[in-house]
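Read the structure below first, then the notes.
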Number of protein chains: 2
Amino acid sequence: MTDLRVTVDIVIFTIREASLQVLLVKRGVPPFEGHFALPGGFIRVQESIEAAALRELYEETAVRDLFLEQLYTFGDPHRDPRGRVITVAYYALIASDKSSVVAGADAAEAHWFHVEKIPNLAFDHNDILAYALERLRNKLEYTTVGFQLLPKKFTLSELQGVYEAILGKRLDKRNFRRKIALLGILKPLREWHRTGRKPAQLFRFAASHFEKLRDKGILFPF
Amino acid sequence: MTDLRVTVDIVIFTIREASLQVLLVKRGVPPFEGHFALPGGFIRVQESIEAAALRELYEETAVRDLFLEQLYTFGDPHRDPRGRVITVAYYALIASDKSSVVAGADAAEAHWFHVEKIPNLAFDHNDILAYALERLRNKLEYTTVGFQLLPKKFTLSELQGVYEAILGKRLDKRNFRRKIALLGILKPLREWHRTGRKPAQLFRFAASHFEKLRDKGILFPF
DNA sequence: CCAAAAGTGTTAGGAGTACACCCATGG
DNA sequence: CCATGGGTGTACTCCTAACACTTTTGG
């Protein structure tokens with residue numbers, strides 16, 4: 001009865017090089033030594049599950065300001081060869097301007113992987129990752145989670161890039177902009193991003209009071 | 001480290017008396033003795049989480065054929081006064097023609113409660129129930145879970161009744177029927193339900209191959 | 001014959017989709 | 001001056017929502 005332990009594992013997403021990437025760490029000890037795995041660890045007796053996730057997340061990335069949501073709890077009795085371990089999986093979104101911090105964090109070998117190029121992972125972590133990706137794609141369409149992957153100030157093209165990277169398909173620029181405008185959730189700034197050719201206007205997200213677009217009666221079926 | 005235990009708790013929904021109801025059991029032992037609570041219990045070391053949920057469900061309702069889905073894992077360190085207990089919450093849907101079986105099950109005092117008339121429950125069970133209800137309402141709109149609450153054969157008015165009971169609002173009969181017809185997920189039977197005045201045609205659900213209506217490119221925004 | 005639920009179409013408005021060109025800037 | 005990404009409008013289709021009357025049966 002006491003031989004049942006609980007961990008948290010976290011699928012950490014960010015946008016890098018115009019694509020969706022996930023942070024994985026190389027295991028230094030058995031089981032699955034040398035394989036990559038999701039960051040995670042055991043829950044302490046006195047801490048909440050979310051606190052455990054935030055603690056692991058900070059140890060691994062040195063980032064505190066991020067989006068974190070519980071995903072699913074995986075509990076196959078044979079998922080960990082060491083014994084019965086249930087894991088509560090989370091997924092996190094790190095803004096693209098903060099994902100570089102990660103390098104200087106933990107001693108463990110941590111790398112960003114393109115979501116389409118994930119190696120064989122330890123335990124059932126490939127399943128967890130696949131489920132997180134599915135959840136993220138779904139949530140993108142009816143919530144505003146997408147904004148969590150961008151810096152505070154961003155251009156409309158950057159925003160569209162987030163949607164394209166996650167959904168894995170190209171979107172029509174005019175339709176995308178019309179829909180965003182219709183939502184009325186962006187505040188245009190009097191600042192321009194000048195690094196391409198023609199400067200692009202910067203915006204910031206200004207509707208944290210409703211996470212669900214459904215509340216506004218509008219969905220995001222791109 | 002060993003003082004951390006894991007339970008499952010299940011929000012069991014059914015349709016009775018044209019409304020959405022939940023099964024609650026009266027606790028016979030402290031803590032919260034005499035309060036109602038969600039059915040549930042500890043996970044055994046060698047069983048999967050879902051197997052634990054099914055076992056508790058069968059003990060409580062004597063029903064095996066039902067819809068079961070994991071909801072969320074609640075792990076506030078103080079949610080159980082006896083110590084650290086994490087609970088993996090599930091919700092289940094029992095077809096309306098099977099919910100009467102429940103009476104003859106466990107020795108525990110079990111009762112169906114109207115979702116709008118829930119008493120103060122033990123632990124954080126009111127929170128769990130509220131979350132289950134929210135999930136059910138959301139899933140109703142883009143999946144076919146609603147059919148899980150009906151007998152194999154049902155009338156269109158019964159189907160509409162399920163949607164109305166869960167969403168808590170009246171729907172337009174003609175628009176509802178047009179949309180269902182458009183989905184093409186019902187097989188009309190050569191049988192009629194004769195107990196009101198004019199007989200109503202019976203249908204059965206015939207599209208279990210796609211749970212998500214999204215896969216058909218159609219949503220349920222009633 | 002009457003009460004009760006079953007069944008059935010049309011219209012107007014709004015959102016989705018497809019589609020092509022000019023503009024401003026840095027090099 | 002030119003390459004690059006920024007920015008903009010229209011037309012068609014389809015789904016949504018609002019809305020009322022006739023039919024069938026049992027009592």
Side-chain angles (χ1 to χ4, degrees), chain A residues 15 17-19 96 140-142 150-151 153-165 167 169-204 212-222, chain B residues 15 17-18 96 140-142 150 153-165 167 169-204 212-222:
Chain A
I15 298 283
E17 298 158 3
S19 69
S96 55
L140 196 69
E141 298 192 4
Y142 64 93
L150 288 171
K153 300 173 181 180
F154 51 85
T155 68
L156 294 177
S157 292
E158 286 169 339
L159 180 61
Q160 184 175 341
V162 168
Y163 278 83
E164 292 179 337
L167 298 177
K169 65 181 179 193
R170 301 302 305 269
L171 302 172
D172 181 87
K173 185 163 48 161
R174 282 167 294 187
N175 293 339
F176 181 84
R177 286 168 183 235
R178 180 180 26 256
K179 192 167 310 186
I180 296 293
L182 207 62
L183 292 172
I185 53 178
L186 292 191
K187 180 176 176 119
L189 303 176
R190 294 181 172 280
E191 294 177 59
W192 277 259
H193 185 75
R194 35 185 73 253
T195 175
R197 302 301 178 153
K198 180 174 179 178
Q201 189 168 16
L202 288 166
F203 293 81
R204 68 176 176 76
K212 285 193 186 176
L213 297 174
R214 198 172 297 190
D215 296 348
K216 253 203 130 192
I218 302 172
L219 293 172
F220 259 99
F222 288 110
Chain B
I15 299 284
E17 298 158 4
S96 56
L140 197 68
E141 298 191 4
Y142 64 92
L150 289 171
K153 300 173 181 180
F154 51 85
T155 68
L156 294 176
S157 291
E158 286 169 340
L159 179 60
Q160 184 174 341
V162 168
Y163 279 83
E164 291 180 336
L167 298 177
K169 66 180 179 195
R170 302 302 305 269
L171 302 173
D172 181 88
K173 186 163 44 160
R174 283 168 293 187
N175 292 339
F176 182 83
R177 285 168 184 236
R178 179 177 29 255
K179 193 168 307 184
I180 296 293
L182 208 62
L183 292 173
I185 53 178
L186 292 192
K187 179 174 178 121
L189 304 176
R190 294 180 173 280
E191 295 177 59
W192 276 260
H193 185 74
R194 35 185 72 252
T195 175
R197 302 301 179 153
K198 181 175 179 178
Q201 189 168 15
L202 288 167
F203 293 80
R204 68 176 177 75
K212 285 193 185 174
L213 297 174
R214 199 173 296 189
D215 296 348
K216 253 204 131 193
I218 302 172
L219 293 172
F220 259 98
F222 289 109

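Just so we're on the same page: letters track the sequence lines, and every chain starts at 1.
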Round to a whole Å and report the spacing from [atom1] of [X] to [atom2] of [N].
X	N	atom1	atom2	answer
A:Ile180	D:dT8	CD1	P	14 Å
B:Arg174	C:dT10	CZ	P	12 Å
A:Arg177	C:dG16	CZ	P	18 Å
B:Leu171	D:dA17	CG	P	10 Å
A:Leu159	D:dG7	CG	C1'	15 Å
A:Asp172	D:dG9	CG	P	14 Å
A:Lys173	D:dT8	NZ	P	10 Å
A:Phe176	D:dT8	CZ	P	14 Å

**OP:** Assess whether one donor atom and one acceptor atom, taken from the side chain of A:Arg178 and the base of D:dT10, lie less than 3.5 Å apart.
**Re:**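 Side chain to base: pair present.
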Original post:
Do you know the tightest heavy-atom contact between A:Ala200 and A:Thr155?
Top reply: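 Reported closest heavy-atom pair: CB-CG2, 3.7 Å.
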Subject >> Donor-acceptor contact present, side-chain A:Gln160 to main-chain A:Leu171, <3.5 Å >> reply: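 Looks like yes, one N/O pair under 3.5 Å.
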Original post:
Yes or no on side-chain contact (heavy atoms from CB on, under 4.5 Å) for B:Leu150 and B:Phe203, after CA distance, side-chain angles and deciding distance?
Top reply: CA-CA 11 Å; B:Leu150 289 171; B:Phe203 293 80; over 6 Å; no
Subject >> Derivation of the side-chain contact (heavy atoms from CB on, under 4.5 Å) call for A:Leu156 and A:Phe176 >> reply: CA-CA 9 Å; A:Leu156 294 177; A:Phe176 181 84; 5.5 Å; no
Original post:
When you match A:Leu156 and A:Arg197 each to their closest nucleotide on DNA chain D, which lands nearer the 5' end?
Top reply: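 Here A:Arg197 is the residue nearer the 5' end.
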**OP:** Would you mind classifying the nucleic acid contact of A:Arg194 as base, sugar-phosphate or nothing, using non-hydrogen atoms under 4.0 angstrom?
**Re:**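 Result for A:Arg194 = sugar-phosphate.
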**OP:** Identify whether any heavy atom of A:Ser157 sits under 4.0 Å from a base atom; if not, whether one sits that close to sugar-phosphate; answer base, sugar-phosphate or nothing.
**Re:**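 Sugar-phosphate only.
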**OP:** Indicate whether OP1 or OP2 belonging to D:dT4 is found under 4.0 Å from a side-chain N or O atom of A:Lys198.
**Re:**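 Checking A:Lys198 against D:dT4: no side-chain N or O falls below 4.0 Å of OP1 or OP2.
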